[in-house]
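Have a look at the structure below, then the notes.
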Amino acid sequence: MSNKAFLGTACIATCLLLSVGQLAAETRQETALSYIELGNKFMHQGDFDRAISAYNIALQFAPDFAPAFFHRALAYEARGDVVKAIMDYANALDLAPGLTVAWYNRGNLRLNEGDLDGALSDFNKAVETDRRYVMAYNNRGIVKIGKGDPDGAMADFNEAIKIDPHHPEAYVNRGLLRLQQGMKAEAERDFARSIAVRPSLRGFIESRMSRISQSQN
């Protein structure tokens with residue numbers, strides 16, 4: 001029997017009750033959104049504590065609302081509370097597994113904490129949900145270098161550049177990897193491309209080149 005068989009005149013009262021319940025849920029979500037917007041205003045002002053308070057209220061109205069967890073994670077991250085930020089990214093992803101930026105952000109936190117396996121897993125998921133997420137490829141390449149996989153790292157930097165031929169970070173990282181591998185001419189071309197896009201990278205590149213040169217001597 002199809003589900004449509006349950007939508008006849010005999011269930012008018014039930015259908016009305018369901019409609020009222022749905023409307024209440026929508027109202028709660030709209031209220032939650034208004035508190036998220038308020039929290040975002042506090043974030044722009046640099047008032048992370050008040051932003052978190054606003055997101056807390058949003059979650060009181062809509063406890064299973066992924067955007068509220070995501071934005072609260074951003075606030076915790078901005079405040080330097082890494083553990084709580086990671087937990088909230090996890091909460092958001094449990095509710096919305098396709099939220100690519102949450103995989104990416106949590107991967108960055110894990111990378112900064114030295115959790116290379118966790119970071120690799122998160123960047124893998126970011127790439128799975130968005131095959132053109134350039135920074136996920138770039139940062140996954142960094143993780144692979146840390147895990148002793150230079151070939152995998154090179155493939156990720158190449159893919160990032162293929163997607164965005166003007167992506168300075170990917171050129172810098174590929175150049176540094178090439179320099180470590182003794183490919184000086186190729187590395188210099190990558191550095192030149194990155195500086196052409198973002199001149200402020202020159203100092204960082206020169207510092208890294210000096211460090212690599214010292215380690216190889």
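Quick note: numbers below take in every heavy atom, side chains included, and nothing from hydrogens, waters or symmetry partners.
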(message) Less than 4.5 Å apart, side chain to side chain, heavy atoms only: is that true for F191 and L176?
(response)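 The answer is yes; the side chains approach within 4.5 Å.
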
Transitive ILVMFWY cluster of [X], excluding itself - 4.5 Å side-chain cut-off:
{"X": "F69", "value": "L59, L95"}
{"X": "F61", "value": "Y35, L38, F42, I57"}
{"X": "I163", "value": "V127, V134, Y137"}
{"X": "M87", "value": "V83"}

Find out if a path of hydrophobic residues (ILVMFWY) with successive side-chain heavy-atom gaps under 4.5 Å connects [X] to [Y].
{"X": "F65", "Y": "F70", "value": "yes"}
{"X": "I36", "Y": "L99", "value": "yes"}
{"X": "L33", "Y": "L74", "value": "yes"}

(request) List the steps, then state whether side-chain contact (heavy atoms from CB on, under 4.5 Å) holds for S210 with E206. (result) CA-CA 6 Å; S210 176; E206 290 175 350; over 6 Å; no

How long is the gap from [atom1] on [X] to [atom2] on [Y], to the nearest 0.5 Å?
{"X": "F123", "Y": "W103", "atom1": "CZ", "atom2": "CH2", "result": "12.5 Å"}
{"X": "R72", "Y": "S53", "atom1": "CZ", "atom2": "OG", "result": "10.5 Å"}
{"X": "E77", "Y": "F48", "atom1": "CD", "atom2": "CZ", "result": "10.5 Å"}
{"X": "S207", "Y": "L201", "atom1": "OG", "atom2": "CG", "result": "12.5 Å"}
{"X": "L111", "Y": "R106", "atom1": "CG", "atom2": "CZ", "result": "13.5 Å"}
{"X": "E169", "Y": "F157", "atom1": "CD", "atom2": "CZ", "result": "11.0 Å"}

Report, one line per pair, each donor and acceptor closer than 3.5 Å where one atom sits in a side chain of residues 142-151; sequence neighbours left out.
residue : atom : partner : partner atom : Å
K144    : NZ   : D156    : OD2          : 3.1
K147    : NZ   : D117    : OD1          : 2.5
D149    : OD1  : G152    : N            : 3.0

(message) With a 6.0 Å cut-off (strictly less than), is the heavy-atom count around CZ of R79, excluding the residue itself, greater than 12?
(response)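 It does: R79 CZ has more than 12 such atoms within range.
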
Ignoring hydrogens, what is the shortest heavy-atom contact between [X] and [Y]? Give both atom names and the distance.
{"X": "T100", "Y": "A126", "answer": "CG2-O, 3.4 Å"}
{"X": "P97", "Y": "T129", "answer": "O-CG2, 3.9 Å"}
{"X": "A85", "Y": "L109", "answer": "CB-CD1, 3.8 Å"}
{"X": "A66", "Y": "A96", "answer": "CB-CB, 3.8 Å"}
{"X": "Y55", "Y": "H71", "answer": "CE1-O, 3.4 Å"}
{"X": "A62", "Y": "A32", "answer": "CB-CB, 3.8 Å"}

(request) Please check if any side-chain donor atom of N108 sits under 3.5 Å from a side-chain acceptor atom of N105, or the reverse. (result)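 Not at all, the side chains of N108 and N105 share no donor-acceptor pair under 3.5 Å.
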
(request) Would you check if there is a donor-acceptor pair between the side chains of N138 and H167 at a distance under 3.5 Å? (result)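 The answer is no; no qualifying pair exists.
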
(message) Determine whether R178 and K184 satisfy the following criterion, side-chain contact (heavy atoms from CB on, under 4.5 Å), listing intermediate values before the conclusion.
(response) CA-CA 7 Å; R178 284 175 162 175; K184 186 176 179 180; over 6 Å; no

(message) Determine whether a donor-acceptor pair (N or O, by modelled atom type, separation under 3.5 Å) exists between the side chain of S215 and the backbone of I212.
(response)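 Answer holds: yes.
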
(message) Quick one: does any side-chain atom of S34 pair with a main-chain N or O of T31 as donor and acceptor, under 3.5 Å?
(response)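 Answer holds: yes.
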
(message) Quick check on side-chain contact (heavy atoms from CB on, under 4.5 Å): which of M154, M183, R189 does R174 satisfy it with?
(response)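 Exactly one pass, corresponding to M154.
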
(request) Let me see the working for Y171 and V197 under side-chain contact (heavy atoms from CB on, under 4.5 Å), right down to the final yes or no. (result) CA-CA 10 Å; Y171 279 116; V197 176; 5.8 Å; no

(message) Applying salt bridge (charged side-chain N to carboxylate O under 4.0 Å, His left out) to D122 and K125, what does each step give before you reach the verdict?
(response) CA-CA 5 Å; D122 282 345; K125 292 295 294 186; over 6 Å; no

(request) May I have the step-by-step check of side-chain hydrogen bond (donor to acceptor under 3.5 Å, both in side chains) for N91 and D88, ending in yes or no? (result) CA-CA 5 Å; N91 289 329; D88 266 353; 3.2 Å; yes

(request) Report the residues that fulfil salt bridge (charged side-chain N to carboxylate O under 4.0 Å, His left out) with R208, sequence neighbours left out, ordered by chain and then residue number. (result)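 Salt bridge (charged side-chain N to carboxylate O under 4.0 Å, His left out) check on R208 returns nothing, list empty.
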
